[in-house]
Amino acid sequence: MMGLFTSKRFDTLDDLFVAQLDDLYDAEQQLTKALPKMARAADATPLKDAFEHHLEETKSQVNRLEQIFDLLGHEPKRETCEAMKGLINEGEELVQAKGDPAVKDAGLIAAAQRVEHYEIAGYGTARALASRLGLDRAATLLQHTLDEEAAADRHLTQVAESYANDQAALA
Ligand SMILES: [Fe+2]
């Protein structure tokens with residue numbers, strides 16, 4: 001969510017919409033820096049691939065937000081999304097951690113899925129606001145990203161499950 005200790009005014013849904021977009025924009029940019037580290041830290045190839053694939057998607061998502069800012073004639077405010085910063089810090093703990101690579105991978109997946117769920121919440125709200133404001137093009141772009149985030153989350157669940165099955169087969 002928004003940076004701490006800032007006071008702003010929300011008089012209209014447009015104000016709220018734009019603030020939500022600014023927040024998502026910073027969150028996505030933080031994520032483009034974190035995902036390469038997570039990909040390097042991942043041990044299993046499917047997990048590395050998942051992070052690398054989602055990095056490319058995340059770059060497109062940044063681009064989609066920029067398209068919406070253009071449509072609105074809004075200059076995005078770079079204000080730290082504290083929630084994403086916290087989620088990434090928790091992921092960073094796993095990136096730095098020592099120990100069993102499979103257990104670390106499971107931890108990286110857990111951290112990444114928290115990120116996806118956070119983004120799904122943010123984009124769900126932003127898409128709903130865009131629809132209410134009659135901003136159809138923005139709503140379509142946001143829905144596209146929302147679908148990608150949901151797919152990324154499902155994919156991580158599949159990677160986690162296939163991993164768990166491999167481990168069981170070895171036992
Ligand atoms: Fe994203």
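Whatever order the structure lists them in is the order used to number ligands and atoms, beginning at 1. Throughout, numbering of the chain's residues begins at 1 and tracks the sequence.
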Using the side chain to side chain donor-acceptor pair (under 3.5 Å) criterion, which residues pair with Arg127? Sequence neighbours excluded. Gln143
With 2.8 Å as the limit, jot down which protein N, O or S atoms are around the Fe ion (ligand 1). Glu28 OE1, Glu28 OE2, Gln61 OE1, Glu119 OE2, Glu149 OE2
Residues forming a side chain to side chain donor-acceptor pair (under 3.5 Å) with Thr12, sequence neighbours excluded: Asp15
May I ask you to decide if the ring planes of His74 and Phe69 are parallel, tilted or perpendicular, using 30° and 60° as cut-offs? tilted
Group every Ile, Leu, Val, Met, Phe, Trp and Tyr by side-chain heavy-atom contacts under 4.5 Å, then state whether Phe51 and Val103 land in the same group. no
Look only at the side chain of Gln30 and the backbone of Lys85, and say whether a donor-acceptor pair between them is shorter than 3.5 Å. yes
Those residues that, when tested against Asn63, pass side chain to side chain donor-acceptor pair (under 3.5 Å) (two or more places apart): Gln67
